[in-house]
Amino acid sequence: MKPEEMEAAMIRNLPEKTGKSLEEWCVVLKESGLTGKRDLKKHLKENYGVGHFQTQTIVKHYLKD
């Protein structure tokens, strides 16, 4: 599986694995008021228990928008 395919699968599986879609996680990050990549990742991991790879993907897409 190519990296792009793995990322697409992870995004598809976010609701099942984390309880929220990518769009919902982006709202959570926006409402946090945080801006730094490290702070955003820490916020998801510590406050919501999101796994490392899911966190990486969510923050990457959030910062892209």
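Position 1 is the first residue of the sequence; numbering continues from there.
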- request: Any salt bridge (Lys or Arg N to Asp or Glu O under 4.0 Å) involving residues 36-55? Give me the pairs, sequence neighbours left out, ordered by first then second residue.
  value: none
Please report, to 0.1 Å, the donor-acceptor pairs under 3.5 Å made by any side chain of residues 28-35, with sequence neighbours excluded.
residue : atom : partner : partner atom : Å
S32     : OG   : L29     : O            : 2.6
S32     : OG   : L34     : N            : 3.1

Test side-chain contact (heavy atoms from CB on, under 4.5 Å) applied to E4 - qualifying residues, sequence neighbours left out: K2
- line: Taking every heavy atom of S21 against every heavy atom of P15, the minimum-distance pair comes out as CA-CG, 3.9 Å
message: Which Ile, Leu, Val, Met, Phe, Trp or Tyr residues join M1 in one cluster when any pair of side-chain heavy atoms under 4.5 Å counts as a link?
response: M6
Connected via hydrophobic side-chain network under 4.5 Å: V59 and I11: yes
- request: State, yes or no, whether a side-chain contact exists between L44 and T18 at a heavy-atom distance under 4.5 Å.
  value: no
- prompt: What residues form a salt bridge (Lys or Arg N to Asp or Glu O under 4.0 Å) with E7, not counting sequence neighbours?
  reply: K60
- prompt: When rounded to the nearest 0.5 angstrom, what distance separates CD in E24 from CD1 in I58?
  reply: 10.5 Å
- request: Kindly write out the residues that satisfy side chain to side chain donor-acceptor pair (under 3.5 Å) with E16, not counting sequence neighbours, or none if the list is empty.
  value: none
field: ring pair (Phe, Tyr, Trp, His ring centres under 6.0 Å): pairs with one or both residues in residues 9-47, sequence neighbours excluded
entry: W25-Y48, H43-Y48
task: List, by chain and then residue number, the residues other than V27 in its hydrophobic cluster (Ile/Leu/Val/Met/Phe/Trp/Tyr, side-chain heavy atoms under 4.5 Å); write none if there are no others.
output: none
